[in-house]
Amino acid sequence: QVLLVESGGGLVQAGGSLRLSCAASGRTFSSYAMGWFRQAPGKEREFVAAVSWSGGSTYYSDSVKGRFTISRDNGKNTVYLQMNSLKPEDTAVYYCAADLVPYTTFSASYYSQADKYDSWGQGTQVTVSS
């Protein structure tokens, strides 16, 4: 297992920006894909973005494409989610997740599914006011 700790959430006005961070424990962070999901009150958890183990491939949900950017720094064991042009409908608890199978071939359809991830963080709240 890997311990994942998110940070960077908060309250922001519509049109604003936030950067979420997810710090991972363990020495094998650079070998596995990472994802971000979110869950709004009364709704199911939904996929936001994913990045391959190398950082060379990324995938986004249609609802955030062009506004959010996922990246990783393997030297710091951290994955980021830069969120720009935020909308009230982006309000949710955001979770990072790790697929602990090392060096997998990146597949967008695969990594958009929550059940493909093995470890989850505790979540960080993002609230966007109108």
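Numbering of residues begins at 1 and proceeds along the displayed sequence. Predicted model only: the values in this text are computed from it and were never measured.
Between the CG atom of Leu81 and the CE atom of Met34 there is a distance of 11.5 Å, given to the nearest 0.5 Å. For the atom pair CE (Met83) and CZ (Arg19), the distance works out to 11.5 Å, reported to the nearest 0.5 Å. Taking OG of Ser7 as the start and OH of Tyr80 as the end, the distance is 9.0 Å to the nearest 0.5 Å. How far OG1 of Thr104 is from OH of Tyr111: 2.5 Å, rounded to the nearest 0.5 Å. Distance check, rounded to the nearest 0.5 Å: CZ of Phe29 to SG of Cys22 gives 7.0 Å. With values rounded to the nearest 0.5 angstrom, Ile70 atom CD1 is found 11.5 Å from Ser57 atom OG.
No option in Val79, Val51, Val64 other than Val79 meets the side-chain contact (heavy atoms from CB on, under 4.5 Å) test with Trp36.
At a threshold of 4.5 Å between side-chain heavy atoms, the hydrophobic network of Ile, Leu, Val, Met, Phe, Trp and Tyr places Leu20 and Val12 in one connected group. Phe37 and Leu86 end up in different hydrophobic clusters when Ile, Leu, Val, Met, Phe, Trp and Tyr side chains are linked at under 4.5 Å. Residues Tyr95 and Phe47 share a single hydrophobic cluster, defined by chaining ILVMFWY side chains whose heavy atoms lie under 4.5 Å apart. Note: the hydrophobic cluster containing Val5 does not contain Trp120 (ILVMFWY, side chain heavy atoms under 4.5 Å, direct or indirect links).
Closest approach of Tyr94 and Val48 over heavy atoms only: CE2-CG2, 4.3 Å.
Between the side chain of Arg72 and the main chain of Gly55, no donor-acceptor pair closer than 3.5 Å is present. Of the possible polar contacts, one joining the Glu6 side chain to the Gly123 backbone as a donor-acceptor pair under 3.5 Å is found. No side-chain donor-acceptor contact under 3.5 Å links Ser25 to the backbone of Val2. Under a 3.5 Å cut-off, the side chain of Ser31 and the backbone N or O of Pro102 do not form any donor-acceptor pair.
No close placement of the Phe106 and Tyr59 rings is indicated, their centers lying 6.0 Å or farther apart.
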* **CA sep, side-chain torsions, deciding dist, call: Tyr110, Asp99, side chain to side chain contact (heavy atoms under 4.5 Å, CB included)** => CA-CA 11 Å; Tyr110 184 88; Asp99 168 22; 4.2 Å; yes
* Asked: side chain to side chain contact (heavy atoms under 4.5 Å, CB included) between Val126 and Thr91: does it pass, once the steps are laid out?
  -> CA-CA 5 Å; Val126 172; Thr91 295; 5.9 Å; no
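Here Asp90 does not pair with Lys87 in a salt bridge; the nearest charged N to carboxylate O distance is not below 4.0 Å.
Side chains of Ser63 and Arg38 form a contact here, defined as non-hydrogen atoms less than 4.5 Å apart.
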